[in-house]
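Just the heavy atoms: all of them, side chains too, but no hydrogens, waters or symmetry mates, feed the values below.
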Amino acid sequence: MEKDVIISIHSIHDLSSADPQIIDFMTLGKYRKDGDVARLFYDETEVTGMAGTRTGISFFPGEIIVDRVGTISGIMTFRPGLSDNMAYGTEYGQTNIGIDTKAIRQNFNENGGKAEIDYVVNIDHMPMGRNRFELTVREDKKEN
């Protein structure tokens, strides 16, 4: 059964040539847990620079898959030790992005949970920095 949830995201983009960029925001989304797999869906906003994009995240044991459709499109696979290359489409064209996952941690139940991803990004085979991403999902208990 799908639930309305509040999603809190904290991300740190550590670009080697500048001070780390920190983004914190909250948004609303939909969540469901089916056996060992948790799934989350939400619409991106101007805060992330991806307004017009729908993000779906699937949390599998040992693996996290992020699927974006809209102004930004692409699928990212995070699995420790995996170097994943993907074509990432934007409104300005397509680029190749590489993701080298260092670690993931996740703990989800029927009401939500938390995930952390530590990974290195490269664009067109040039290292762009290390990212750390923390996502917390909690049920949106609206007053009726």
Side-chain angles (χ1 to χ4, degrees), residues 1-34 37-80 82-124 126-144:
M1 178 158 122
E2 210 167 74
K3 295 183 180 195
D4 291 328
V5 292
I6 298 169
I7 304 160
S8 302
I9 297 175
H10 174 76
S11 64
I12 302 169
H13 306 282
D14 192 359
L15 308 173
S16 55
S17 62
D19 290 334
Q21 178 185 15
I22 298 171
I23 299 173
D24 287 302
F25 73 98
M26 292 174 64
T27 191
L28 300 175
K30 300 287 186 180
Y31 172 81
R32 73 175 180 260
K33 180 99 165 59
D34 300 313
V37 180
R39 298 185 195 280
L40 179 65
F41 304 93
Y42 64 94
D43 293 320
E44 297 285 351
T45 67
E46 292 296 330
V47 172
T48 63
M50 294 184 279
T53 300
R54 178 88 167 153
T55 296
I57 306 176
S58 297
F59 304 92
F60 297 96
E63 180 177 75
I64 298 172
I65 297 175
V66 178
D67 185 2
R68 291 195 169 107
V69 177
T71 55
I72 304 289
S73 295
I75 298 173
M76 297 180 286
T77 301
F78 300 94
R79 186 180 329 131
L82 175 71
S83 292
D84 184 39
N85 290 300
M86 59 172 265
Y88 207 67
T90 72
E91 58 189 276
Y92 304 107
Q94 196 164 291
T95 190
N96 291 316
I97 294 182
I99 299 168
D100 180 16
T101 306
K102 300 301 180 188
I104 62 173
R105 286 177 288 290
Q106 57 182 319
N107 185 17
F108 288 93
N109 61 35
E110 290 72 27
N111 299 315
K114 184 174 182 176
E116 298 175 19
I117 308 171
D118 182 357
Y119 61 102
V120 174
V121 172
N122 66 65
I123 297 179
D124 292 325
M126 295 188 60
M128 298 305 293
R130 190 166 192 156
N131 294 330
R132 286 177 264 341
F133 181 87
E134 297 174 13
L135 178 140
T136 304
V137 178
R138 62 185 166 86
E139 194 171 352
D140 184 7
K141 298 192 181 207
K142 299 175 187 157
E143 296 283 329
N144 290 330

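Smallest separation of non-hydrogen atoms from Asp14 and Pro20: OD1-CG, 4.0 Å. Considering all non-hydrogen atoms of both residues, Asp118 and Arg132 come closest at OD1-CG, 3.8 Å. Pairing each heavy atom of Leu40 with each of Val137, the nearest pair is CD2-CG2, 3.8 Å. Contact record, Ile64 with Ala115: CD1-CB, 4.2 Å, taken as the closest heavy-atom pair. The minimum heavy-atom distance linking Ser8 with Met26 is given by the pair OG-CG, 3.6 Å.
You'll find the side chain of Thr27 stays beyond 4.5 Å of the side chain of Asp43, heavy atoms only. The closest side-chain heavy-atom distance from Lys114 to Asn107 is not below 4.5 Å. Counting heavy atoms from C-beta on, the side chains of Ile6 and Arg138 come closer than 4.5 Å. Annotation: side chain of Ile97 is in contact with side chain of Val121 (closest heavy-atom distance under 4.5 Å). Looking at heavy atoms from C-beta onward, Ile65 lies in side-chain contact with Ile75 at the 4.5 angstrom threshold.
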Would you sort out whether Ile23 and Ile9 count as a side-chain contact (heavy atoms from CB on, under 4.5 Å), showing the intermediate values? CA-CA 8 Å; Ile23 299 173; Ile9 297 175; over 6 Å; no
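Glu44 meets the side chain to side chain donor-acceptor pair (under 3.5 Å) test with Tyr42, Thr48, Thr55, Arg68; sequence neighbours excluded. Residues meeting the ring pair (Phe, Tyr, Trp, His ring centres under 6.0 Å) test with Tyr31, sequence neighbours left out: none. For Thr53, the side chain to side chain donor-acceptor pair (under 3.5 Å) partners at least two apart in sequence or on another chain are Thr71. Considering only residues two or more places apart in sequence or on other chains, Val69 meets the side-chain contact (heavy atoms from CB on, under 4.5 Å) condition with Asp67. Scanning for side chain to side chain donor-acceptor pair (under 3.5 Å) contacts around His13 gives Ser11, Asn131, with sequence neighbours left out. With sequence neighbours left out, Lys33 forms a salt bridge (charged side-chain N to carboxylate O under 4.0 Å, His left out) with no residue at all. Phe108 is linked by a ring pair (Phe, Tyr, Trp, His ring centres under 6.0 Å) to Phe59, counting only residues two or more places apart in sequence or in another chain. Residues forming a salt bridge (charged side-chain N to carboxylate O under 4.0 Å, His left out) with Arg32 (at least two apart in sequence, or on another chain): Glu2, Asp34. Under the side chain to side chain donor-acceptor pair (under 3.5 Å) criterion, Glu116 pairs with Arg105, sequence neighbours left out. Partners of Tyr119 under the ring pair (Phe, Tyr, Trp, His ring centres under 6.0 Å) rule, at least two apart in sequence or in another chain, are Phe78. Under the salt bridge (charged side-chain N to carboxylate O under 4.0 Å, His left out) criterion, Arg39 pairs with no residue, sequence neighbours left out. For Glu139, the salt bridge (charged side-chain N to carboxylate O under 4.0 Å, His left out) criterion is met by Lys3, not counting sequence neighbours.
Rounded to the nearest 0.5 Å, atoms OG1 (Thr45) and CE (Met50) are 8.5 Å apart. Atom CE in Met76 sits 8.0 Å away from atom CD1 in Ile117 (nearest 0.5 Å). The NE2 atom of His10 lies 10.0 Å from the OG1 atom of Thr136; values are rounded to the nearest 0.5 Å. Summarising the geometry, atom CD1 belonging to Ile104 is positioned 11.0 Å from atom CZ belonging to Phe60; distances are rounded to the nearest 0.5 Å.
Crowding of Met1 atom CE: a count of heavy atoms from other residues, nucleotides or ligands under 6.0 Å not exceeding 12.
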